[in-house]
2 protein chains.
Amino acid sequence: MEISLDQIKEKLGNAGLKATHQRMVVYRALVGVKSHPSADKVFDSIQSENPSITLATVYNTLDTFVEAGLAKRVMSGKGPVRYDARMDNHHHLICSNTKEIIDFYDEELNSLIRDYLQKKRIQNFELADMQLHIRGEKLNPNKEIRIK
Amino acid sequence: MEISLDQIKEKLGNAGLKATHQRMVVYRALVGVKSHPSADKVFDSIQSENPSITLATVYNTLDTFVEAGLAKRVMSGKGPVRYDARMDNHHHLICSNTKEIIDFYDEELNSLIRDYLQKKRIQNFELADMQLHIRGEKLNPNKEIRIK
DNA sequence: CTCCAAATGATAATTTTTATTATTTAGAAA
DNA sequence: TTTCTAAATAATAAAAATTATCATTTGGAG
């Protein structure tokens with residue numbers, strides 16, 4: 001179930017962004033690639049179909065998406081910044097070995113943390129979002145991570 | 001209560017690292033500067049007293065510290081990687097406005113999350129550490145953030 | 001359709017980080 | 001204490017990541 005161009009156009013519109021060809025392509029790549037790609041990886045993945053789109057444009061576009069609330073930056077430790085188009089609250093398992101960033105959706109955990117922070121009353125700080133970085137190593141790099 | 005050179009020497013020794021002058025200086029700066037400095041900031045802060053220490057050495061040294069378990073990388077979004085010498089489990093409030101990274105120590109929160117993850121049984125993944133990135137904005141950039 | 005602010009391409013430049021290699025040094029062993 | 005050696009550092013250079021500049025193009029409001 002790939003995202004359609006119309007859906008992307010709508011997303012961009014809702015975010016107050018012009019629906020340019022470049023943005024459509026970058027957004028589709030970001031959603032499609034899954035693995036929380038770096039700007040460079042996005043560039044690579046669109047390169048052959050769209051040779052005219054510059055790496056600088058990819059950077060700018062991803063930046064724009066982050067500003068507009070269409071993507072998040074995810075940090076992995078070393079190396080380039082990586083991006084995530086999934087905006088619903090979720091967490092990340094970060095494998096120091098394979099550099100994979102694996103989504104960890106867990107509504108129960110979300111509310112656990114959210115409620116706790118709420119209770120804490122952090123003053124002079126408007127919370128935008130929070131995510132848990134769970135760092136570790138895959139024991140078998142070739143196998144998937146199974147939760148529960 | 002500044003950390004003494006002997007204490008640093010001991011820390012380095014325990015981590016299996018030679019206690020070189022450069023490492024002592026970088027470590028002291030890292031602990032002293034508080035604000036989760038970037039390599040560049042560490043370099044700046046030691047520069048005048050230690051003009052012979054190269055930026056490359058600062059990078060290498062910080063890297064070595066991370067490998068050896070004496071420091072952690074902290075990511076702030078944009079900009080360079082920042083480092084944290086505090087190794088006990090704690091979280092970070094990240095102000096998108098001032099770029100500040102503020103420590104958030106909370107033992108109750110730690111065990112809340114730790115216990116939850118334990119219960120979840122994440123397979124094929126050896127957990128090293130976890131930290132919560134709490135992103136937001138200081139309402140008044142000049143005032144402190146108060147918790148509870 | 002026209003028009004213009006906004007976006008992009010095509011660089012160039014900067015910033016951040018890593019690599020290379022000759023020289024120096026901490027600390028183990030004599 | 002002195003000697004010796006593997007490890008660490010300085011002094012680059014280079015690479016990787018990111019941002020800036022500015023002339024040209026374009027989405028979409030009117």
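Residue numbers begin at 1 in each chain, while the letters A, B, ... track the order of the sequences.
Checking D:dT9, C:dA7, C:dG9 against the side-chain heavy atoms of A:Thr57 singles out C:dG9 as nearest. With C:dA7, D:dT19, C:dT17 as the choices, the nucleotide that has an atom nearest any side-chain atom of B:Val81 turns out to be C:dT17. Out of D:dT9, C:dG9, D:dT19, the shortest distance to the side chain of A:Ala56 is found at D:dT19.
The distance between atom CD of A:Gln22 and atom C1' of D:dG27, rounded to the nearest whole Å, is 11 Å. The distance from atom NZ of A:Lys18 to atom P of D:dG27 is 8 Å, rounded to the nearest whole Å. Between the P atom of D:dA10 and the CD1 atom of B:Ile46 lies a distance of 9 Å, rounded to the nearest Å. The distance from atom CZ of A:Phe43 to atom P of C:dA10 is 11 Å, rounded to the nearest whole Å. As rounded to whole Å, 9 Å separates atom P of C:dT17 from atom CG of B:Asp40. The distance between atom CG of B:Leu17 and atom P of C:dG27, rounded to the nearest whole Å, is 10 Å. If you measure from atom CG of B:Leu55 to atom P of D:dA11, you get 13 Å, rounded to the nearest angstrom. Atom OH of B:Tyr59 is separated from atom P of C:dT17 by 4 Å (rounded to the nearest Å).
Between the side chain of A:Asn124 and the main chain of B:Glu144, a donor-acceptor pair closer than 3.5 Å is present. Using modelled atom types, no side-chain atom of A:Lys72 and backbone atom of A:Val66 make a donor-acceptor pair closer than 3.5 Å. Of the possible donor and acceptor atoms, none in the side chain of A:Thr54 sits under 3.5 Å from a partner among the backbone N and O of A:Thr57.
Smallest separation of non-hydrogen atoms from B:Val58 and B:Ala39: CG1-O, 3.5 Å.
Using a 4.0 Å heavy-atom distance criterion, A:Thr54 is classed as a base contact. Within the 4.0 angstrom heavy-atom criterion, only backbone atoms of the sugar-phosphate kind lie near B:Ser52; the bases stay farther away. Counting non-hydrogen atoms under 4.0 angstrom, B:Ala19 reaches the backbone sugars and phosphates but no base.
Under 4.0 angstrom from either OP1 or OP2 of C:dT18 there lies at least one side-chain N or O belonging to A:Lys78.
Heavy-atom distances to DNA chain C give each of B:Ser38 and B:Thr20 a nearest nucleotide, and the one nearer the 5′ end belongs to B:Ser38.
Centroid-to-centroid, the aromatic rings of A:His36 and A:His92 come within less than 6.0 Å.
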